Amino acid sequence: MQNAAFAALGLDWVYIPWGVRPEAFPRALEALRRIENFAGANVTIPHKEAALEGLDEVSAEALSIGAVNTIVLRDGLLVGHNTDGEGFMTALREEAGEDPRGKRVGLVGAGGGAKAVACALAQVEVAEVCLFNRSRDRAQSVVNHLRKSFPNVEFLALGLQYFGPDILRRLDILINATPVGMEPSDPPLFDYGMLGEELLVCDLIYRPAETPLLASARLRGCRVLNGCGMLLYQGARAFELWTGLKAPVPFMRQALAQGEGGSTASPTGPA
Ligand code: NAP
């Protein structure tokens, strides 16, 4: 996706994968400073939280999320950003045609992806974010952190066992921010037969393009949104931070579709 964007704008740049073990991460950050013509990097699991420590500056956004997914080298300083939340919000608007202001949102998970999405939703003043997580304590500590920055939004922290028809009926949007559904053998997070057709159901997972959650939601008449749009738009924002140029989104979308073999959304429900 990034290399397709560089090619589309005629930039002699390259984006390469670099596998780094957790214990080597601080040394890897230092090594980045010494690469000639280095512009920036993405950081992914399991380094997103650790990156907060080793950088020279961190954006307000990344600080309030508590995780970094993009690094920019600016005037010799390594600066951390987080483009995941913005990526999700752009996908929600552009691909699902949804304006989440004033809506009640259920978010499953309390890791880096969930925190970025929860922050972005709180910034546009959704009415409520209910965090469901396997370990309720982790959801509670995320909620405690968010309450300080967003006093106008109602936050709830619940264990996964609280999923039921009553709580689902209160929600307008349901988002999976766990890896459950990446493998065909994953047991479902809850009984997907409980999903009501009025829900917009989103999954941050982009491979497979349709998880069992999204497949069940689509069959029940819900609008659905997979993680491909978030992946695209978080990458487009990172591209803009590194290059200062407008991202050639159609080229990036095409490169992703070729790589994944799937479309980004079915905003209007069952095809
Ligand atoms: P993470 O920080 O490791 O958090 C994972 C979360 O999932 C935790 O809350 C964990 O609960 C929960 N979880 C893990 N296994 C579970 C299971 N078997 N049952 C129930 N809950 C489980 O991961 P992340 O970075 O937030 O990523 C989560 C997913 O979002 C991944 O699939 C990732 O690929 C996707 N993602 C996509 C994008 C995109 O651009 N589309 C961006 C970011 C993330 P505990 O707290 O109880 O362990």
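Quick caveat: nothing in here was measured; it's all calculated off a predicted structure. Note that ligands are numbered from 1 as they come in the structure, with each ligand's atoms numbered from 1 the same way.
- Residue, atom and distance of the protein heavy atom nearest to atom 26 (O) of ligand 1 are Gly113 N, 2.7 Å.
- Closest protein heavy atom to atom 16 (C) of ligand 1: Arg134 NH1, 3.3 Å.
- Side-chain atoms of Ser135 never come within 3.5 Å of backbone atoms of Asp137 as a donor-acceptor pair (strictly under, hydrogens ignored).
- For ligand 1 and Ser135, the ligand atoms under 4.0 Å from any heavy atom of the residue are 45 (P), 46 (O), 47 (O).
- Within the 3.5 Å criterion, the main-chain N or O of Ala157 finds a donor-acceptor partner in the side chain of Arg136.
- With a 6.0 Å radius and a threshold of 12 heavy atoms from other residues, nucleotides or ligands, Arg147 has its CZ atom above the threshold.
- Looking only at heavy atoms of the protein, atom 11 (O) of ligand 1 is closest to Asn133 OD1, 3.3 Å.
- Heavy-atom distances between Leu160 and ligand 1 reach below 4.0 Å in at least one pair.
- Note that CG of Asp191 is 9.5 Å distant from CG of Leu168, once rounded to the nearest 0.5 Å.
- For atom 33 (C) of ligand 1, no protein non-hydrogen atom is found at a distance below 4.0 Å.
- Residue contacts with ligand 1 for Met230 involve both N, CA, C or O and side-chain atoms from C-beta outward (heavy atoms, distance under 4.0 Å).
- Protein heavy atom in closest approach to atom 8 (C) of ligand 1: Arg138 NH1, 3.5 Å.
- Proximity of Val201 to Arg223: side-chain heavy atoms (C-beta onward) are nowhere separated by under 4.5 Å.
- Among all protein heavy atoms, the one lying closest to atom 1 (P) of ligand 1 is Gly111 CA, 4.0 Å.
- When the shell of 6.0 Å around CD of Glu30 is examined, it contains more than 12 heavy atoms from other residues, nucleotides or ligands.
- If you look at Val180 next to ligand 1, the close heavy atoms, those under 4.0 Å, all belong to the side chain.
- Here SG of Cys130 is found 11.0 Å from CZ of Phe155. Values are rounded to the nearest 0.5 Å.
- Within the 4.5 Å cutoff, the side chain of Val108 has no heavy atoms near those of the Ile175 side chain.
- Nearest to atom 43 (C) of ligand 1 among the protein's heavy atoms is Lys48 NZ, 3.8 Å.
- Contacts between Ala177 and ligand 1, counted as non-hydrogen atom pairs separated by less than 4.0 Å, involve the backbone only.
- If you look at Ile45 next to ligand 1, the close heavy atoms, those under 4.0 Å, all belong to the side chain.
- The shortest distance between side-chain heavy atoms of Leu174 and Leu200 does not fall below 4.5 Å.
- No hydrogens or angles considered: nothing links the side chains of Asn42 and Asn69 as a donor-acceptor pair under 3.5 Å.
- Against a heavy-atom cut-off of under 4.0 Å, Ala110 is close to the following atoms of ligand 1: 9 (O).
- Inside a 4.0 Å radius of atom 3 (O) of ligand 1 there is not any protein heavy atom.
- Among protein heavy atoms, the minimum distance from atom 30 (O) of ligand 1 is reached at Leu204 CB, 3.6 Å.
- When each atom of ligand 1 is checked for a heavy atom of Gly227 under 4.0 Å away, the hits are 41 (N).
- Contact check for Arg33 versus Asp56: side-chain heavy atoms found under the 4.5 Å cut-off.
- Using modelled atom types, one side-chain atom of Thr83 and one backbone atom of Gln234 make a donor-acceptor pair closer than 3.5 Å.
- Using a 4.0 Å cutoff on heavy atoms, Gly87 does not count as a contact of ligand 1.
- The contact set between ligand 1 and Gly112, taken as ligand atoms under 4.0 Å from a residue heavy atom, comprises 2 (O), 26 (O).
- Ring pair His47/Phe25 is parallel by interplanar angle, where below 30° counts as parallel and above 60° as perpendicular.
- Contact annotation for Met182 and ligand 1: only side-chain heavy atoms (C-beta onward) come within less than 4.0 Å of the ligand.
- For atom 5 (C) of ligand 1, the nearest protein heavy atom (residue, atom name, distance) is Pro179 CD, 4.0 Å.
- Every atom of ligand 1 with a heavy atom of Ile205 under 4.0 Å away is listed here by number and element: 32 (O).
- The aromatic rings of Trp242 and Tyr15 lie tilted to each other, with the angle between the two planes from 30° to 60°.
- Remark: ligand 1 atoms within the under-4.0 Å shell around heavy atoms of Gly109 are 9 (O).
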